Amino acid sequence: MTTNRTFTMIKPDAVKNGHTGAILNDIIHAGFKIVAMKYVQLTEKQAKKFYEVHAERPFYMDLVNFMISGPIVAAVLEKDNAIEDFRKLIGATNPKDAAEGTIRNKYAESIEANAVHGSDSNENAAIESDLHFSMYERF
Ligand code: CMP
């Protein structure tokens with residue numbers, strides 16, 4: 001399994017608030033190579049599938065509805081130690097806890113509208129990337 005790749009989405013809040021360019025700039029300046037990228041609006045079915053590990057959580061349908069509320073940018077990123085380094089770059093899930101200078105600290109609105117998603121393991125990075133990109137869309 002590839003261990004130097006992670007999957008990210010710039011979420012509807014950050015896209016709507018005009019932060020897409022700044023977030024991509026932060027990602028590139030942190031040393032990540034963009035392997036695949038697309039600008040899309042998820043369907044309810046896609047968002048439910050993506051977050052199915054949270055299906056039993058009370059926030060699941062709110063999260064799904066938020067994720068389909070506007071377009072997102074999905075991308076596969078490559079760098080040594082990609083999972084851990086990307087999670088450091090984006091900061092804690094709740095922007096209130098995100099360290100100064102992290103993407104969520106700078107651009108997120110709330111724990112739900114938290115600007116970006118980052119995979120939490122190599123296994124999930126592969127699953128999440130496969131949900132969004134064919135092998136012909138990764139470079
Ligand atoms: P993400 O990294 O995309 O993975 C799961 C998402 O669920 C998370 O970011 C948050 O946006 C959302 N989330 C996690 N915990 C909560 C919560 N307590 N209330 C609302 N949304 C949450």
Side-chain angles (χ1 to χ4, degrees):
M1 185 192 294
T2 314
T3 58
N4 59 346
R5 289 186 176 187
T6 190
F7 173 81
T8 187
M9 288 185 286
I10 302 176
K11 297 189 181 184
D13 60 312
V15 172
K16 189 179 70 216
N17 293 331
H19 298 312
T20 301
I23 291 172
L24 290 174
N25 197 46
D26 284 0
I27 290 171
I28 291 163
H29 277 268
F32 291 88
K33 178 189 164 197
I34 296 172
V35 171
M37 186 162 67
K38 58 175 69 162
Y39 184 38
V40 288
Q41 185 153 0
L42 299 177
T43 64
E44 183 174 336
K45 190 174 175 185
Q46 284 174 312
K48 279 181 157 173
K49 177 76 185 161
F50 188 88
Y51 282 118
E52 71 180 352
V53 292
H54 298 301
E56 302 307 320
R57 309 287 287 275
F59 59 80
Y60 177 62
M61 276 316 297
D62 278 350
L63 177 62
V64 167
N65 285 323
F66 164 66
M67 288 302 296
I68 65 174
S69 67
I72 57 115
V73 175
V76 179
L77 306 173
E78 190 170 87
K79 183 183 184 296
D80 286 348
N81 204 31
I83 299 288
E84 203 179 313
D85 286 1
F86 192 70
R87 287 173 74 80
K88 271 191 205 141
L89 178 68
I90 65 179
T93 303
N94 189 338
K96 287 183 184 148
D97 304 325
E100 189 74 27
T102 58
I103 289 175
R104 285 171 172 155
N105 168 256
K106 291 193 283 185
Y107 307 115
E109 294 182 335
S110 66
I111 192 166
E112 180 178 85
N114 65 351
V116 283
H117 168 81
S119 307
D120 63 3
S121 65
N122 290 316
E123 188 191 10
N124 283 335
I127 293 168
E128 292 168 2
S129 299
D130 289 349
L131 284 173
H132 287 87
F133 297 100
S134 80
M135 62 179 283
Y136 301 109
E137 296 173 309
R138 302 175 211 196
F139 304 98

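None of the values given here were measured: they were computed from a predicted structure. One is the number of the first residue; the rest follow in order along the sequence. Remember, it's 1-based here, ligands and their atoms both numbered in the order they're listed.
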*asked:* Quick one, I72 and I10 - any side-chain contact, counting heavy atoms below 4.5 Å?
replied: no
**OP:** Could you tell me whether ligand 1 has any atom less than 4.0 Å away from a heavy atom of R87?
**Re:** no
Q. Among F59, F66, Y51, whose heavy atom sits nearest atom 3 (O) of ligand 1?
A.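 Ranked by closest heavy atom to atom 3 (O) of ligand 1, first place is Y51.
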Taking only non-hydrogen atoms of H54 and a 4.0 Å limit, the atoms of ligand 1 in range are 5 (C)
Enumerated ligand 1 atoms positioned under 4.0 Å from heavy atoms of R104: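 Once the distances to R104 are compared, the set is 2 (O).
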Problem - T93-ligand 1 polar pair, N/O distance under 3.5 Å - result: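 No; the residue has no nitrogen or oxygen that sits under 3.5 Å from a nitrogen or oxygen of the ligand.
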ask   = Under 3.5 Å, N or O to N or O, is R57 touching ligand 1 that way?
value = no
Nearest heavy-atom contact between S121 and I83 is O-CD1, 3.4 Å
All heavy atoms of T6 vs all of A125, minimum pair found to be CA-CB, 3.9 Å
With a 6.0 Å cut-off on ring centres, are Y51 and F66 close enough? no
Honestly, for L63 the part within reach of ligand 1 (heavy atoms, under 4.0 Å) is side chain
Can you tell me which portion of K11 lies within the under-4.0 Å heavy-atom range of ligand 1? Options are side chain, backbone, both, or neither.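 Near ligand 1, K11 shows its side chain, while the N, CA, C and O stay back.
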- Query: Honestly, is K38 close enough over F133, meaning NZ or CZ under 6.0 Å from the six-membered ring centre and within 45° of the axis?
  - Reply: yes
Using the rule that Ile, Leu, Val, Met, Phe, Trp and Tyr join whenever any side-chain heavy atoms are under 4.5 Å apart, tell me whether M61 and F59 fall into a single cluster.
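As far as the 4.5 Å side-chain criterion goes, F59 and M61 are connected within one cluster.
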Next on the checklist: Please determine whether a side-chain nitrogen of the Lys or Arg among R87 and E84 lies less than 4.0 Å from a carboxylate oxygen of the Asp or Glu.
Outcome noted: no
For atom 11 (O) of ligand 1, what's the nearest protein heavy atom and its distance?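 Atom 11 (O) of ligand 1 sits closest to the protein heavy atom I111 O, 2.9 Å.
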